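Each remark here refers to the structure printed beneath this line.
Just so it is clear, the values below take in all heavy atoms, side chains as well, and ignore hydrogens, waters and symmetry mates. Throughout, a chain's letter reflects where its sequence line sits, starting with A, and its residues are numbered from 1. Model, not experiment: these values are computed from the prediction.
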4 protein chains.
Amino acid sequence: MARPRNAAIDGKVLAAAAEELRRGGYEGLSVDRVAERAGVAKTTLYRRWASKAELVVALITTLREDVPFEPSDDPRRDLTELVTAIAANLAATPPSLVADLAAAAARDPRVGEAVRALWAGRHQAVTAVVAKAQEAGLVLDHVAPAVLVDQLAGPLYYRLLVTGEPLTPDYARTLIDSVLGPEEPR
Amino acid sequence: MARPRNAAIDGKVLAAAAEELRRGGYEGLSVDRVAERAGVAKTTLYRRWASKAELVVALITTLREDVPFEPSDDPRRDLTELVTAIAANLAATPPSLVADLAAAAARDPRVGEAVRALWAGRHQAVTAVVAKAQEAGLVLDHVAPAVLVDQLAGPLYYRLLVTGEPLTPDYARTLIDSVLGPEEPR
Amino acid sequence: MARPRNAAIDGKVLAAAAEELRRGGYEGLSVDRVAERAGVAKTTLYRRWASKAELVVALITTLREDVPFEPSDDPRRDLTELVTAIAANLAATPPSLVADLAAAAARDPRVGEAVRALWAGRHQAVTAVVAKAQEAGLVLDHVAPAVLVDQLAGPLYYRLLVTGEPLTPDYARTLIDSVLGPEEPR
Amino acid sequence: MARPRNAAIDGKVLAAAAEELRRGGYEGLSVDRVAERAGVAKTTLYRRWASKAELVVALITTLREDVPFEPSDDPRRDLTELVTAIAANLAATPPSLVADLAAAAARDPRVGEAVRALWAGRHQAVTAVVAKAQEAGLVLDHVAPAVLVDQLAGPLYYRLLVTGEPLTPDYARTLIDSVLGPEEPR
DNA sequence: TCGTAACCGAGACGGTACGTCGTGTCTTCTT
DNA sequence: AAGAAGACACGACGTACCGTCTCGGTTACGA
């Protein structure tokens, strides 16, 4: 009955936003400029995303390429693969962006939900694998899997946001070694 | 040879800025308001700090209060004390402020330096104690102390900024248990 | 195609500006205050007038109220009426405002045009009456009417701006006597 | 008893002020810049002139070259000489400067006094000559000399500040013709 | 000759204004 | 209804200027 939304617009806007984000970070991204660059009216933009923050959340969500993960028989290998991927993904993101997202999340519950959902997707698989490793006796069972996940993922964000140290694949492996114990020679 | 700067002004402005920061985070801190609250002309403020960012840097630097810590004979107890204190400190800080600080740090290297120095002070003691625990054979020695510190401090920031879960003393203890192994009955 | 400008705003702003101008002259007119008094955002104001100067130009242009004047048969009486009116009008205006206007006019050609148009309206009628008086033989005809007008209007501004002497109706009559010769007893 | 003022400073400051005034007019003259250009501390400057306005007044006063005038036997020639000189002097001054001076005079009585004194000097001689002409029967004696002076000087300022028309020597002569009647062929 | 009072340079300070920018809401006309 | 265009409110930012102040250092004069 009503005019349907122009599906192409989402793409154009997100592309424009991505470019803006790339250049000036979250702070430097101006909604007016995004609209202009996308050749779209600001009204249209705000009809789809309620705020600058939500726009960026959507952008990030889009950027998240769902890596289909299928567990193998070797929990250590699975974990290594997962944590390394997360580290690589984070390393490729501008730190200020992650921080801005966190700040926006802390301020606005709606954004908070979106951002948490963004991370959650990435960390769920880790939890599953950790649980499996624990069942297989690879991990001391006096600790809840959730805590172990925190100790795998937390340090990544910690380095990115707090200490500023690099997130290398090596570092990811070190974290796993710390949790699972050193890899035993076969 | 010229009129000396009024030393009291720095204090007044920083105090005002601290209050503003506490309330609204970096984003919510308005230079005009800081000046007014401090009873100082904006001109004066800008003569000392070239921008809002620099003002916050100075503020953060000031905030770094070196908590004197003297280790006991019991590394586990020391660690518990330290990590619990950090957790309590973080829990008392508005999450958005921590995130804003991280974002500002990521954007401006000068801010970055100041903010990192702020955290560093708090985490140095932890590193020392972890090393001592390792020497005492309380920790598996296949992992560098620095990594263990990351796995103690990282989860705190992770919860605060990413998952939004609460930072309880219990959680702090759980982290330590995970790193040191469960406390053995004597 | 877009939202049209709110026509009422022009009026509100100009009224506010007029009040401000009346009180403190050009110098004392603050854009912030005008906006506030008009109940309008400064942005809106600046969208219409690019600067304080342009705003004042517009205001002056508006102020030019064409006083309808219909000449009688007696040029001397007409002239007396006109010059007295101008004198009264000037006497009622803060001298600094006239001077500020002149200064602004000298600085910005656009303002100049507007201000000149403002005065011109008032002086045109004088020129016409002087010409008529000359035709009627009341004035020596070796002088151009324009010069006589200058000698009627000029002294008013001269007193107001330069010597600071008062502009009384008596003075206006004295000027006319000087130009037309003393009134002859009938 | 105390250290005397450095006489050279006055000159340096006034020269700097003159240059500033030449470039940007009264508005564009910044006290800070004058001080810097003169190589003098602002304190020193303010010790001599209480405000920007007074400084400019002093500058203008300095600029006024006292044209020594000695009346001849021919009042018409004297008047022509005097009025032409005034016109030339005014024509050489930036109109905005004259207007700004008038505005400052209207606002601050102290400045007003100074500015009026500035003009007064120039116009006194005119009054004397006009009186002499009246005694000699060259002018209708039903008008006070002061009014005639207003009608000679007033139009000059009027043109400069209000209509913006040029102040030519010819115009000056026309004014005199209007007051004294056309020059009679000998 | 020596103290002291005023001068001078340097620049901090308060206060007030200016013009710009960004976000999110709104109004209107056009598809 | 969606979309384009852009007006609008609100509030922050950083800069400029003026006139006052507070220093330390210097210089003449008069006791």
Side-chain angles (χ1 to χ4, degrees), chain A residues 1-9 27-36 38-55, chain B residues 1-7 9 27-36 39-53, chain C residues 1-7 9 27-36 39-53, chain D residues 1-9 27-36 38-55:
Chain A
M1 190 155 71
R3 176 178 177 183
R5 289 201 179 166
N6 182 342
I9 285 181
E27 198 86 330
L29 180 154
S30 139
V31 176
D32 284 272
R33 240 181 349 249
V34 168
E36 190 190 10
V40 151
K42 221 171 27 151
T43 328
T44 305
L45 197 155
Y46 270 100
R47 191 173 294 115
R48 288 154 195 250
W49 301 280
S51 69
K52 171 175 163 175
E54 289 205 8
L55 169 61
Chain B
M1 194 143 120
R3 175 181 181 177
R5 292 204 175 168
N6 183 341
I9 286 183
E27 200 86 331
L29 179 154
S30 142
V31 177
D32 282 272
R33 226 165 20 233
V34 168
E36 190 189 11
V40 152
K42 210 169 38 153
T43 327
T44 301
L45 198 156
Y46 271 101
R47 189 173 301 111
R48 290 158 190 248
W49 303 280
S51 68
K52 174 175 162 176
Chain C
M1 196 144 114
R3 174 181 182 178
R5 292 203 175 166
N6 183 341
I9 286 182
E27 201 85 331
L29 181 154
S30 141
V31 177
D32 282 272
R33 223 161 25 229
V34 167
E36 190 189 10
V40 151
K42 211 169 37 152
T43 328
T44 302
L45 199 155
Y46 271 102
R47 189 174 301 111
R48 291 155 191 249
W49 302 280
S51 68
K52 173 174 162 176
Chain D
M1 190 153 84
R3 174 181 179 182
R5 291 199 178 164
N6 182 341
I9 286 182
E27 198 86 329
L29 180 153
S30 141
V31 175
D32 283 271
R33 242 185 344 253
V34 167
E36 191 190 9
V40 150
K42 221 170 26 149
T43 327
T44 303
L45 198 155
Y46 271 101
R47 190 174 298 116
R48 289 155 195 250
W49 302 280
S51 70
K52 172 175 162 175
E54 290 205 8
L55 168 61

query = With a 4.5 Å heavy-atom cut-off, do Tyr46(D) and Leu55(D) have their side chains touching?
reply =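 Answer no - side chains too far apart.
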query = Got Arg47(C) and Thr43(C) here, is their nearest side-chain heavy-atom distance under 4.5 Å?
reply =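 Yes; the side chains approach each other to less than 4.5 Å.
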Phosphate OP1/OP2 of [N] contacted by [X] side-chain N/O (<4.0 Å):
X	N	value
Thr44(B)	dG14(E)	yes
Arg47(B)	dG11(E)	no
Arg48(A)	dA2(F)	no

inquiry  = Just to be sure I understand the rule, does Gly39(A) reach a base, reach only the sugar-phosphate, or reach nothing, if contact means heavy atoms closer than 4.0 Å?
reply    =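 Touches sugar-phosphate only.
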DNA chain E: 5'-proximal contact among Ala2(B) and Pro4(C) (nearest heavy atom) =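 Looking at the nearest nucleotide for each, Ala2(B) comes out on the 5' side.
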If I take atom [atom1] in residue [X] and atom [atom2] in nucleotide [N], what distance separates them, rounded to the nearest angstrom?
X	N	atom1	atom2	result
Leu45(C)	dA7(F)	CG	P	14 Å
Glu36(B)	dC13(E)	CD	P	19 Å
Trp49(D)	dG19(F)	CH2	P	14 Å

query = Which residues pass the side chain to side chain contact (heavy atoms under 4.5 Å, CB included) test with Ala53(D), sequence neighbours left out?
reply =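 Side chain to side chain contact (heavy atoms under 4.5 Å, CB included) list for Ala53(D), sorted by chain: Tyr26(D), Ser51(D), Ala104(D), Val111(D).
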key: For Ala35(D), all residues meeting side chain to side chain contact (heavy atoms under 4.5 Å, CB included), sequence neighbours excluded   =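 Scan of Ala35(D) (side chain to side chain contact (heavy atoms under 4.5 Å, CB included), adjacent residues dropped) gives Lys42(D), Leu45(D).
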key: Arg5(B) side-chain proximity, nearest of dA12(E), dC8(E), dC8(F)   =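 Nucleotide nearest to Arg5(B)'s side chain: dA12(E).
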Ile9(B), nearest nucleotide to its side chain (from dC21(F), dG9(E), dG14(E)) =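 Shortest atom-to-atom distance from the side chain points to dG14(E).
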query = Any N or O donor-acceptor pair linking the side chain of Arg3(D) to the base of dA6(E) at under 3.5 Å?
reply =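 Answer no: no donor N or O sits under 3.5 Å from an acceptor.
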message = Does the protein touch nucleotides 19-24 of chain E at the base, only the backbone, or not at all? Give it as B, S and - per nucleotide, heavy atoms under 4.0 Å.
response = BBBBBB
key: side-chain hydrogen bond (donor to acceptor under 3.5 Å, both in side chains) partners for Glu54(D), two or more places apart   =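 With neighbours one apart ignored, the set is Arg110(D).
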key: Arg48(D): partners by salt bridge (Lys or Arg N to Asp or Glu O under 4.0 Å), with sequence neighbours left out   =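 Arg48(D) satisfies salt bridge (Lys or Arg N to Asp or Glu O under 4.0 Å) with Asp10(D) once adjacent residues are dropped.
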request  = Just jot down the salt bridge (Lys or Arg N to Asp or Glu O under 4.0 Å) partners of Lys52(B), sequence neighbours excluded, or say none.
outcome  =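 Here no residue qualifies.
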